[in-house]
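Note sheet for the following structure.
This chain uses plain numbering: 1 for the first residue, then up along the sequence.
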Amino acid sequence: MDPLSRLACALVALTFSAAAAAHDEPRPRLLAVSGEGEVAAAPDRADVSFSAEASEKSLADAERAVTEATAKLLKLCESLGIPKSQVRSAQLNVNPQYDGSVISSRPRIVGYFVSRQMDVDLRDLAKLGKLLQGAVETGANRVSGVNFGSTRKDEHQRAALALAAQDAKANAEVLAKAMGVKLGRLHTLSASESGGMPLMQMRHESKMQMTSDQAAQTYQAGEMKFQASVTAEYDLP
C-alpha cells in the first residue's frame, strides 16, 4: 500500500474512533424549568394627539382657521406648564376639494380641507383633564388618541425579569427536592419580555362632539402590566 493510501486509512480510522467516543460519552442530566414574573404599575405619562381641521371655499380662510386654532392649543400647553420640548406641531396638510357632480379631465376645485396635528408628551397626568377640556374650548376638533405609558418602563421590565428568574429557580429547587436529587449549576438560561401597555386607553377617532366637562372625564389610565418569562436548565450531578 502506498503512503497516501496508508494516510487515508489512518484518517478514516481516526474519524470513526472520534465518532464512537462521542457516541459513548453520556449525555448530561438536565432539569428544565420555567418561571414567570409580572409587575403592575400606574402610568405616569401620556401621548396626546390633537388635530385642528377646517373646510372652506377659500384656501386662505381654511389655513387661517387652522393656524389660529393651533396657536390657541400651543398657548394652552404653555399655560399648563408643559415644556415646549414636549409639544410637536406638524406642518399644514392641504387637500383640495373637487366638484364630484361633474365628470371632467380637469375637475373644478370647490374648496379646501386643511388640517394640522399636534402631539403632546404629557408627563403630569393630573393635567390631562385640563388639557382635553381646554383643547375642546380652543378649537381642536379631533382627538386621534391618548396613549398612556411609563417613564420607568425599563425599571419595571427589569423587575419583572428578576421575578421570573426567582420563580424559575424556586421551581427548580422544588422539583429537585421532590425527586430526591441534588440541583447542580445553571446550565442554560433564556428570557423574554412583554407587556408595558395599559389595560385601558382612551381612543376617539371621530370629530369631537363632547362638552368640555365630558372631555375631562372620558379617559381612564388603568394599570400597566410588565411581564417576563425565563427558561432555565440545571445540571443534575
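In terms of modelled atom types and a separation under 3.5 Å, the side chain of Lys127 and the main chain of Leu80 share a donor-acceptor contact. In this structure, the side chain of Asn95 does not engage the main chain of Val114 through any donor-acceptor pair within 3.5 Å. When atom types are taken as modelled, the side chain of Asp44 and the backbone of Thr151 share a donor-acceptor pair closer than 3.5 angstrom. Side chain of Asp167 to main chain of Leu163: no donor-acceptor pair is present (N/O by atom type, distance under 3.5 Å, no hydrogens or angles). Under the 3.5 Å distance criterion, the side-chain polar atoms of Gln86 are matched with a main-chain donor or acceptor of Asp121.
Ala46 approaches Leu125 most closely through the heavy-atom pair CB-CD2, 3.6 Å. The two residues Glu173 and Leu183 have their closest heavy-atom pair at CG-CD2, 4.0 Å. When all heavy atoms of Tyr112 and Pro96 are compared, the closest pair comes out as CD2-CA, 3.9 Å. Residue Thr70 comes nearest to Arg116 through the heavy atom pair OG1-CD, 3.5 Å, listed as atom of the first residue, atom of the second, then distance. Listed here is the closest heavy atom pair of Ala228 and Ala164: O-CB, 3.6 Å. Smallest separation of non-hydrogen atoms from Ser194 and Gln157: O-NE2, 3.4 Å.
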### Message
Before you tell me yes or no, could you show the steps for Ile109 and Asp99 under side chain to side chain contact (heavy atoms under 4.5 Å, CB included), namely the whole-Å CA-CA distance, both residues' side-chain angles and the distance that decides it to 0.1 Å?
### Response
CA-CA 6 Å; Ile109 296 177; Asp99 184 358; over 6 Å; no
### Task
Just do the salt bridge (Lys or Arg N to Asp or Glu O under 4.0 Å) check on Glu223 and Lys225 with the steps written out, would you?
CA-CA 7 Å; Glu223 194 175 55; Lys225 300 289 187 179; 3.2 Å; yes
### Task
Any chance you could lay out the side chain to side chain contact (heavy atoms under 4.5 Å, CB included) test for Arg45 and Leu122, step after step, and finish with the verdict?
CA-CA 6 Å; Arg45 60 177 295 272; Leu122 186 64; over 6 Å; no
#### Entry: Phe226 and Lys153: CA distance, side-chain angles, deciding distance, side chain to side chain contact (heavy atoms under 4.5 Å, CB included) verdict
CA-CA 8 Å; Phe226 298 87; Lys153 179 180 178 180; 3.6 Å; yes
### Task
List the steps, then state whether side chain to side chain contact (heavy atoms under 4.5 Å, CB included) holds for Val39 with Gln227.
CA-CA 7 Å; Val39 171; Gln227 300 168 328; over 6 Å; no
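Donor-acceptor pairing under 3.5 Å is lacking for the side chains of Ser51 and Gln117. No hydrogens or angles considered: nothing links the side chains of Glu53 and Ser115 as a donor-acceptor pair under 3.5 Å.
Under the side-chain contact (heavy atoms from CB on, under 4.5 Å) test applied with Phe50, the options Thr138, Asp119, Leu132, Val136 reduce to a single match, Leu132.
Under the 4.5 Å side-chain criterion, counting only non-hydrogen atoms from C-beta, Ser150 is not in contact with Pro43. Between Leu92 and Glu63 there is a side-chain heavy-atom pair separated by less than 4.5 Å. Contact of the Leu59 side chain with the Asp61 side chain is not registered, since no non-hydrogen atoms from C-beta on lie closer than 4.5 Å. Side chains of Ser190 and Val230 form no contact here, defined as non-hydrogen atoms less than 4.5 Å apart.
Hydrophobic cluster membership is shared by Val181 and Leu175, with clusters built from Ile, Leu, Val, Met, Phe, Trp and Tyr side chains linked at under 4.5 angstrom. With hydrophobic clusters built from ILVMFWY side chains whose heavy atoms lie under 4.5 angstrom apart, Val48 shares a cluster with Leu74.
Atom CG of Asp124 sits about 9.5 Å away from atom NZ of Lys130, to the nearest 0.5 Å. To the nearest 0.5 angstrom, Tyr98 atom OH is 12.5 Å from Arg108 atom CZ. Taken to the nearest 0.5 Å, the NZ atom of Lys57 stands 11.5 Å off from the CD atom of Gln97. A distance of 6.0 Å separates NE2 in His187 from CG in Asp235, rounded to the nearest 0.5 Å.
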